[in-house]
Amino acid sequence: MNRFLNIWGKLTLFCIAVAVILGVVHEVVSPRIEKHRKETLENLVKTWKKDARLGKDYTIGAERFVQSNRLVRGYIPLRDKAGKVVIYVLRLMPGRYLSTYSVLAAYQTEGELLGFLIEKSLSPPVLTASLPSASLQQRIAQTRGGDFKSNEIEAISGATFTFRTLVEALQEGSAFIKSRRREQ
Amino acid sequence: MNGHEKLWKENPVFIGGIGLCPALAVTNRFDTAWILGVLVVLIGFLGNLTFWLLRRYFHAQIEFYIRILIIAFWVTIMEILLEAFLPDIWEALGIYLPLLAVNTMILLSVKSYPAGEDAKFTEDLLLGLGYVLSLGFFGAFREILGSGTLTLISLPQNTVQYQVFLKGIQPIRFLLLPAGALITYGYFRAGFLWIGKRAENSRAGE
């Protein structure tokens, strides 16, 4: 019995020590992680509002994860000064073929697309290089949400299936916002 | 066993087929490939060092669980630090970062030392080096031929990337896809086995 308690006690103490160290390390670096997250969102907001500043114009809500959707992995609400949700930032994972590139897309509460950012790091360089230029981004945004056809985008870009998956994800994001609105 | 045999004959990726999942998934870029390899070596080294320092306090019956806990601890630490300091790499490695715990256990700790043996740091280092070199080579091959570039590292403010192909030459994009990875791996494995066999035959002929 004593031997069992000895082993159990030491193992418990070790687990507690590990948990405490992990907690401390996370606390120390979390401001840096938060800063990076804020900068990424700010870059996204600047795609349609050049002088926007998060914390001033919008406050960032907690990220919610979505498991029931093939392309939408999560969303972050942005609130205006009055505390009302005015924008949803969706984390989209296109990539039926190339499974690892992530898109942050901002929608108005009616599902209209405002802008999007492709997280370059997730995709191989050749795809990054051929991903939408600023003008293409503008043209997609001008279609106001999910009204564009994927074939039109192919024609604009003259590029590969990457765009098709991107457009599909953006459309799905818009549909996701609309369905949430209907549920509410 | 000498270094050459550890690196070549027991090459964990191309001969042993160990850690293939990340080897195929993250090698579409050179930087993610070599960083993943280095992380495996680093975590293995730190894990063994921690275990070596703490083992006297634990009963031999629970050594295995302590090993797992220590490796998982270092993997989590690396994950947190990567998220904070190299967020691009953290995002690119994704699910393969937590999987490092399994790879490290398979590649270094469990394979090399049965419970109770002293740590064989040199053997570990050579195996780890084999893993880093294999991933690096695989990653460089796929990125250069697949996208015409070589990405050394992605820092938050700057990406160190070189254009390898001349303008006008189209890269073979297929190599960046999962199927391209598998086919490339198959050719490399066949090459490794063929060279090994040839060396054996020539030794037998002497």
Side-chain angles (χ1 to χ4, degrees), chain A residues 2-40 43 73 91 93 95-104 118-130 159-162, chain B residues 25-32 50 54 57-62 65-66 69-70 72-74 76-96 142-151 154 156 159 161-163 165 170-173 175-179:
Chain A
N2 274 348
R3 193 168 141 240
F4 171 76
L5 280 177
N6 188 333
I7 291 174
W8 180 84
K10 280 180 179 174
L11 201 56
T12 309
L13 274 178
F14 187 62
C15 289
I16 292 170
V18 164
V20 169
I21 296 171
L22 286 178
V24 170
V25 171
H26 190 265
E27 261 324 287
V28 170
V29 300
S30 61
R32 209 182 160 95
I33 295 171
E34 198 49 43
K35 187 179 158 220
H36 172 70
R37 179 174 175 250
K38 194 180 162 193
E39 278 171 2
T40 309
N43 286 340
R73 296 297 160 94
R91 193 178 294 283
M93 290 291 276
R96 185 185 299 164
Y97 308 100
L98 299 152
S99 55
T100 50
Y101 77 96
S102 160
V103 175
L104 280 181
I118 289 155
E119 296 195 78
K120 287 182 185 177
S121 60
L122 297 178
S123 55
V126 68
L127 299 173
T128 310
S130 63
T160 60
F161 46 78
T162 309
Chain B
V26 306
T27 52
N28 54 16
R29 268 175 36 173
F30 178 61
D31 60 343
T32 50
T50 315
L54 295 176
Y57 302 109
F58 296 104
H59 197 274
Q61 278 179 328
I62 57 165
Y65 306 103
I66 296 294
L69 199 62
I70 289 171
F73 165 77
W74 281 114
T76 315
I77 291 278
M78 292 300 163
E79 208 180 340
I80 295 171
L81 293 179
L82 272 187
E83 187 180 1
F85 297 101
L86 292 171
D88 292 350
I89 300 288
W90 173 76
E91 278 163 12
L93 292 179
I95 186 64
Y96 300 103
R142 285 182 67 199
E143 187 183 337
I144 290 172
L145 292 184
S147 68
T149 56
L150 188 70
T151 313
S154 300
T159 298
Q161 189 180 76
Y162 297 100
Q163 194 70 36
F165 275 10
Q170 282 297 317
I172 313 160
R173 294 184 185 197
L175 289 178
L176 299 175
L177 303 177

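Computed over heavy atoms, backbone and side chain alike; hydrogens, waters and symmetry mates excluded. Each chain gets a letter, A, B and so on, in the order the sequences are listed, and its residues count up from 1.
Under the rule for a ring-ring contact (aromatic ring centres under 6.0 Å, His included), B/Phe73 has no partner lying at least two apart in sequence or in another chain.
Across A/Ile21, A/Leu22, A/Val18, a single residue satisfies side chain to side chain contact (heavy atoms under 4.5 Å, CB included) together with B/Thr76, and that is A/Leu22. Considering A/Asn6, A/Ile7, A/Leu11 as possible partners of B/His59, the one that fulfils the side chain to side chain contact (heavy atoms under 4.5 Å, CB included) test is A/Ile7.
Looking at B/Ile80, the atoms closer than 4.5 Å to chain A (heavy atoms on both sides) sit in the backbone and in the side chain alike.
Against chain B, the residues from residues 32-40 of chain A that qualify, each with a non-hydrogen atom under 4.5 angstrom away, are A/Arg32, A/Ile33, A/His36 in number order.
B/Leu54 CG to A/Lys10 NZ: the interatomic distance, rounded to the nearest 0.5 Å, is 11.0 Å.
Put simply, of B/Phe85, B/Tyr57, B/Tyr65, the one with the most heavy-atom pairs under 4.5 Å next to chain A is B/Phe85.
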### Query
How far apart are the C-alpha atoms of B/Ile62 and A/Trp8, what are their side-chain angles, what is the distance that settles it, and do they pass the side chain to side chain contact (heavy atoms under 4.5 Å, CB included) test?
CA-CA 10 Å; B/Ile62 57 165; A/Trp8 180 84; over 6 Å; no
